[in-house]
Amino acid sequence: MNEQQDVQKIDTLEPYAAIVLWQAGKGEWNKWVSENPIYNISFGSVDFSKLRTKDNPDISFKGFTFPNGNVSFSEAIFGEGDVDFSSATFGEGDVHFSNATFGKGSVSFNKTIFGNGNVYFYTASFGAGSVSFNKSAFGDGDVHFSRAKFGEGSVRFNNTSFGKGNVYFSYATFGEGNVDFYEASFGEGNVYFYLTSFGEGSTSFHGAKFTGKFYLDNCNDTGKIKSFTFQNCTFIDAVVIKNITLNCVLDMLNTSFANHISLYGIICHLRRKKNKWGVKIVENKDDIEKLIRLKELTENSKNHEQALLFHAEEQRAKRWVKTDNIVSLIDMVFSGICDYGQSFLRPMFLWLLSIFIFAVPYAYLSEKPIQSLKSVWELFVFSAFNSVPFLTMARDVRTDGVGAFFHDDTMLTIVYPIMGLQGITSIILIFIVGLGLRNRFRI
């Protein structure tokens with residue numbers, strides 16, 4: 001019966017008969033299954049909301065055993081109230097909850113055992129209430145939660161075991177509750193979170209183990225997540241986490257990698273608050289350590305651009321917390337000038353602007369009238385060459401410029417400090433431009 005074609009040939013318990021047997025209770029159901037171990041079960045399109053009563057308000061399959069065959073709850077409507085599949089055992093066929101609709105109430109698949117067939121929750125819709133697969137065990141088939149829509153409650157897969165098949169949460173939508181995969185175990189199949197929408201809760205894979213490849217790619221609505229952690233996770237195969245924007249710092253502390261990791265296009269907005277002096281400081285000091293870890297991982301994978309981005313956030317997190325006031329003030333200026341070496345255009349613009357700015361006091365102090373276009377150009381050339389004092393020819397231009405525009409010794413006592421300040425300012429800005437170019441084109 002392991003082959004799909006064998007499953008298709010066996011008999012099916014159709015919805016009406018399946019409902020009658022289910023209403024007889026767990027004892028009668030499990031007895032029937034023991035006498036009919038190979039059977040398909042169909043609850044497809046059943047409206048369970050009409051089967052709820054005051055005496056039995058919940059829909060319960062708790063402890064039910066299903067035969068070896070396909071089990072279908074496709075397009076079933078469960079209505080408002082709790083749904084309980086905890087400790088249920090499915091056979092070796094496929095399990096279908098595709099397009100099923102769960103209403104307001106908790107949904108429990110705790111300690112549920114699935115066989116080696118595929119499990120489909122494709123486009124399933126969950127209402128307001130918790131959804132729990134804690135300590136459940138999936139077989140070696142694929143697990144599909146693609147396009148599933150979860151409600152406002154928490155979603156938990158804590159200590160859940162996945163088999164050799166692929167696990168899909170692509171295009172799934174989570175609500176405002178927390179999403180937990182605490183110490184979940186994923187088998188040899190790949191795990192996909194592609195274009196997944198996360199809500200406003202916390203998302204945790206704390207202590208999870210991934211044997212196959214892991215993809216977290218182009219996820220939507222991640223800007224409202226309170227926290228996102230992979231702390232203490234173990235990754236055996238390649239990891240790809242890219243193109244996500246978080247309103248928190250991604251936690252990769254104490255993660256173990258045995259293969260390649262790609263962290264690309266990740267933006268972590270540092271959460272900061274104002275202290276009593278009105279200065280913004282990091283809300284959570286642990287974010288500093290998280291950013292150091294992210295920088296380490298991206299540096300090891302030669303992703304210099306992403307590493308520089310994490311370094312910049314690390315410096316902002318340390319500001320006014322790990323560094324003293326003077327250093328923090330210098331850090332703010334450096335951040336404003338070049339965004340910690342990430343921009344070379346910004347300091348280049350400031351350098352060119354400084355040529356015009358310093359030309360103003362030179363024109364004001366000049367003893368030669370600045371009236372013609374030629375004199376304006378000569379003064380601009382004088383300021384420009386004074387901004388590159390390390391050039392040999394700049395020395396002659398400066399000497400000629402001083403002789404042309406300034407004659408009085410008293411005036412020179414004012415001009416020379418301005419020239420010196422311009423030279424120092426220009427050298428600093430040119431150095432920062434070079435730093436930005438190096439970071440931009442680093443191999």
Side-chain angles (χ1 to χ4, degrees), residues 1-53 55-79 81-102 105-122 124 131-145 160-165:
M1 206 289 302
N2 291 329
E3 307 229 349
Q4 185 66 23
Q5 58 182 12
D6 294 331
V7 175
Q8 299 297 336
K9 291 178 181 179
I10 65 177
D11 293 333
T12 299
L13 189 67
E14 298 295 343
Y16 178 79
I19 291 172
V20 172
L21 183 60
W22 166 66
Q23 290 178 325
K26 180 176 69 175
E28 290 298 320
W29 176 280
N30 288 347
K31 178 182 177 182
W32 182 89
V33 171
S34 66
E35 297 171 352
N36 299 271
I38 301 176
Y39 236 89
N40 294 330
I41 304 293
S42 176
F43 286 94
S45 301
V46 170
D47 188 351
F48 285 95
S49 64
K50 297 179 180 180
L51 303 177
R52 295 179 183 269
T53 64
D55 295 332
N56 295 288
D58 301 332
I59 302 301
S60 177
F61 285 85
K62 182 176 182 180
F64 278 52
T65 299
F66 292 85
N68 288 323
N70 290 337
V71 178
S72 176
F73 286 86
S74 295
E75 299 185 2
I77 300 172
F78 288 91
D82 296 343
V83 178
D84 191 356
F85 279 85
S86 61
S87 300
T89 301
F90 291 89
E92 295 302 310
D94 294 343
V95 178
H96 295 266
F97 283 87
S98 298
N99 294 305
T101 302
F102 297 87
S106 64
V107 178
S108 175
F109 283 84
N110 290 336
K111 297 182 180 180
T112 302
I113 299 175
F114 297 89
N116 289 323
N118 298 324
V119 178
Y120 298 92
F121 282 86
Y122 181 80
V131 178
S132 178
F133 285 80
N134 291 339
K135 296 183 179 181
S136 59
F138 293 88
D140 292 336
D142 293 342
V143 178
H144 296 264
F145 281 89
T160 301
S161 174
F162 295 88
K164 296 180 180 179

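Given the structure is predicted, the values throughout are model-derived calculations rather than measurements. Sequence positions, counted from 1, serve as the residue numbers for this chain.
- A side chain to side chain donor-acceptor pair (under 3.5 Å) with S106 is found for one member of D84, D82, D58 and no other, namely D82.
- The shortest heavy-atom contact between S49 and G79 is CB-CA, 3.7 Å.
- Two residues are said to be in side-chain contact when any heavy atoms from C-beta on lie closer than 4.5 Å; W29 and I41 meet this criterion.
- Residues satisfying the ring pair (Phe, Tyr, Trp, His ring centres under 6.0 Å) test with H96, not counting sequence neighbours, are Y120.
- In plain terms, the two heavy atoms of V107 and F102 that are nearest each other are CG2-CD2, 3.7 Å.
- Taking the side-chain contact (heavy atoms from CB on, under 4.5 Å) definition, one finds that T160 meets it with F133, S136, F138, F157, F162, sequence neighbours left out.
- D140 and K164 get closest at one heavy-atom pair: OD1-N, 3.2 Å.
- Residues P15 and S42 have side chains in contact (heavy-atom distance under 4.5 Å, counting atoms from C-beta outward).
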Exercise for the section: Walk me through it: do F78 and F97 pass the test side-chain contact (heavy atoms from CB on, under 4.5 Å)? Expected result: CA-CA 11 Å; F78 288 91; F97 283 87; 4.2 Å; yes

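- Side-chain atoms of E92 and N116 include a donor-acceptor pair closer than 3.5 Å.
- Annotation: side chain of D94 is not in contact with side chain of V71 (no heavy-atom distance under 4.5 Å).
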Problem - Residue pair F109, F61: steps toward the ring pair (Phe, Tyr, Trp, His ring centres under 6.0 Å) verdict - result: CA-CA 10 Å; F109 283 84; F61 285 85; 9.6 Å; no

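- With sequence neighbours excluded, the residues satisfying side-chain contact (heavy atoms from CB on, under 4.5 Å) with T65 are N30, V33, T89.
- V83 has its side chain out of reach of S108: every pair of non-hydrogen atoms, C-beta onward, lies at least 4.5 Å apart.
- Applying the side-chain contact (heavy atoms from CB on, under 4.5 Å) test to P57 and every residue at least two apart in sequence or in another chain returns nothing.
- Once rounded to the nearest 0.5 Å, the distance linking CG of N118 with NE2 of H144 reads 5.0 Å.
- The minimum heavy-atom distance linking A100 with F73 is given by the pair CB-O, 3.7 Å.
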Practice task
Under the side-chain contact (heavy atoms from CB on, under 4.5 Å) rule, what do K111 and N134 come out as? Steps first, then yes or no, please.
Solution key: CA-CA 6 Å; K111 297 182 180 180; N134 291 339; over 6 Å; no

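- Rounded to the nearest 0.5 angstrom, R52 CZ and D47 CG are separated by 10.0 Å.
- Of all heavy-atom pairs spanning S86 and T112, the tightest one is CA-OG1, 3.8 Å.
- In this structure, CD1 in I113 is found 10.5 Å from OG in S161, a value given to the nearest 0.5 Å.
- I10 is listed as a side-chain neighbour of N40, based on a closest heavy-atom distance under 4.5 Å.
- Remark: N36 pairs with W32, Y39 by the side-chain contact (heavy atoms from CB on, under 4.5 Å) rule, at least two apart or across chains.
- Applying the side chain to side chain donor-acceptor pair (under 3.5 Å) test to residues at least two apart or on different chains, none of the pairs has a partner in residues 14-26.
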Handout entry: side-chain contact (heavy atoms from CB on, under 4.5 Å) between I19 and F43, worked out
Key = CA-CA 8 Å; I19 291 172; F43 286 94; 4.2 Å; yes

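- Nearest heavy atoms, L21 versus E28: CD1-O, 4.0 Å.
- At a threshold of 4.5 Å between non-hydrogen side-chain atoms, the residues F90 and F85 count as touching.
- Interatomic distance, I38 CD1 to D11 CG, rounded to the nearest 0.5 Å: 10.5 Å.
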